[in-house]
2 protein chains.
Amino acid sequence: MSLKHAILVLLETEPGSGYDLLKHFNNSLGYFWNAKHQQIYLQLKKLRDEGLITCDLEKQKGKPDKKIYSITREGEKELAEWLRTPVAPNSVNDALLVKIYGGRMCSPEELIEELDRHAAIHQKTLDKLTAIEQSYLSLKPESREKYRLPYLTLRRGILGENAWLEWAKEARREITKS
Amino acid sequence: MSLKHAILVLLETEPGSGYDLLKHFNNSLGYFWNAKHQQIYLQLKKLRDEGLITCDLEKQKGKPDKKIYSITREGEKELAEWLRTPVAPNSVNDALLVKIYGGRMCSPEELIEELDRHAAIHQKTLDKLTAIEQSYLSLKPESREKYRLPYLTLRRGILGENAWLEWAKEARREITKS
DNA sequence: CTACTATATGCAACTTTTTGCATATATAAT
DNA sequence: ATTATATATGCAAAAAGTTGCATATAGTAG
């Protein structure tokens, strides 16, 4: 669906190899769009076949050649069009909640253990996001301009993770009671 | 993945037809596990093939026969085992955030329009969840016991949607500034 | 000296999910 | 009368995503 557009968004900012993209992705869109590296490489191939991006080889010594992808006019057009089209609301798949919903069949201790495990992961994500926010906020106001919109998505991550952790505290209290 | 387990969780609570399940699902697990009706019917078939659920026909006049599914011993075993196994953290796919991230290429007005559209959807979800919460809270404390764990997942929904709407206000202010 | 991590890709097989169609009846609203 | 909605299922094809493997080098940590 829109992994395709996520890639176009990133390549519109700057060209790069699949690997570059992957790293960039994992520090930005990856926080709210799931994708494995295979998926990204596959999409890059497809996007190239569709002519939405181009690919130039960059020779490197020792390492395999880098394929540097850039967005094309076609790609920009496609992206602009997508931006004008309404998208579906976020879709969530949260196995932990399925577990808790049906948690009667297992011990409170086991639920708490799993909840804590997830809380640790969410805390880690929050820490990363907060660190990114700090580096954004330490930029000079002129430099911030460029990142204004990405910053909004960062905020979404931060508010979301905070809410998650708040909920986890509440849930923990409730489960412990039993 | 765990649509399978989501179905087992619901059938463990009470047997029912695919359609019953679907409605139940849409008012509970559906808030944090995405699935279309086709997927549910398909999974029911698979679960039956695996012997985790059974199916009895219930004749109806006028309408097609209902297939009433129930969980089997095998199914309960499978479910209990799954509950003891750690699950992956929630995965999110949020196209709106991809859009905002790359929103430089479209007008603030268009972004705001889309943001508001999504906000309306989230508000609607929040309203539904709040209504469910109200009916839960109006139960006698003895009757609540049964729904304690599902209620926690409801709380997750409420806190999550509130956070979403808070963020949307913030984002709206920021985008409007430009 | 060895193991691990990072760089840098990608195929093949499989599972999961989505999209679009298809059917048939009952009831409530316009 | 007609239309829409709810009931009640499901197939088939396509798209998307996951899992597991495979390759090859360079640098760093133990």
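What's counted below: heavy atoms across the whole structure, side chains too, no hydrogens, waters or symmetry copies. Numbers restart at 1 for each chain; the letters A, B, ... are given by sequence-line order, proteins then strands. This structure is a prediction, so every number in the text was calculated from the model and none was measured.
Taking every heavy atom of residues 18-32 of chain A and every atom of DNA chain C, pairs under 4.0 Å involve A/Gly18, A/Tyr19, A/Lys23, by number.
One can place CD of B/Gln39 at 15 Å from C1' of D/dA14, the figure rounded to the nearest angstrom. D/dG17 atom C1' lies 16 Å from atom NZ of A/Lys4, rounded to whole Å. Atom P of nucleotide D/dC11 and atom CG of B/Leu42 are separated by 8 Å, given to the nearest angstrom. When rounded to the nearest whole Å, the span between CD of A/Gln43 and P of D/dA16 equals 7 Å. Rounded to whole Å, the distance from NZ on A/Lys46 to C1' on D/dA16 is 7 Å. With rounding to whole Å, A/Tyr41 atom OH is found 19 Å from D/dA16 atom C1'. Following rounding to the nearest Å, A/His37 (NE2) and D/dG17 (C1') show an atom-to-atom distance of 13 Å. Computed from coordinates, the B/Ile40 CD1 to C/dT16 C1' distance equals 14 Å when rounded to whole Å.
If you check the side chains of A/His5 and A/Glu78, you find a donor sitting under 3.5 Å from an acceptor. Of the N and O atoms on the side chains of A/Glu133 and A/Tyr151, at least one donor lies less than 3.5 Å from an acceptor on the other residue. Side-chain contact of B/Asp20 with B/Ser17: a donor-acceptor pair under 3.5 Å is present, judged by distance alone.
Every residue two or more places apart in sequence or in another chain was checked for a ring-ring contact (aromatic ring centres under 6.0 Å, His included) with B/Tyr147, and none qualifies.
Residues A/Lys4 and A/Glu50 are paired through a salt bridge, judged by an N-O separation under 4.0 Å between the basic side chain and the carboxylate. Under 4.0 Å is where a charged nitrogen must lie from a carboxylate oxygen, and between A/Glu81 and A/Arg84 no such pair does.
Of the two residues near DNA chain C, A/Ser17 and B/Asn34, the one whose nearest nucleotide lies more 5' is A/Ser17. Both A/Gln38 and B/Lys45 sit near DNA chain D, but only B/Lys45 has its closest nucleotide nearer the 5' end.
Listed nucleotides D/dG17, C/dT9, C/dT17 differ in distance to B/Trp33; the shortest reach to its side chain belongs to C/dT17. Ranking D/dG17, D/dT9, C/dT17 by closeness to the A/Leu3 side chain, first place goes to D/dG17.
Judged by distance alone, with hydrogens and angles left aside, the side-chain atoms of B/Arg104 form no donor-acceptor pair with the main-chain N or O of A/Lys146 at under 3.5 Å.
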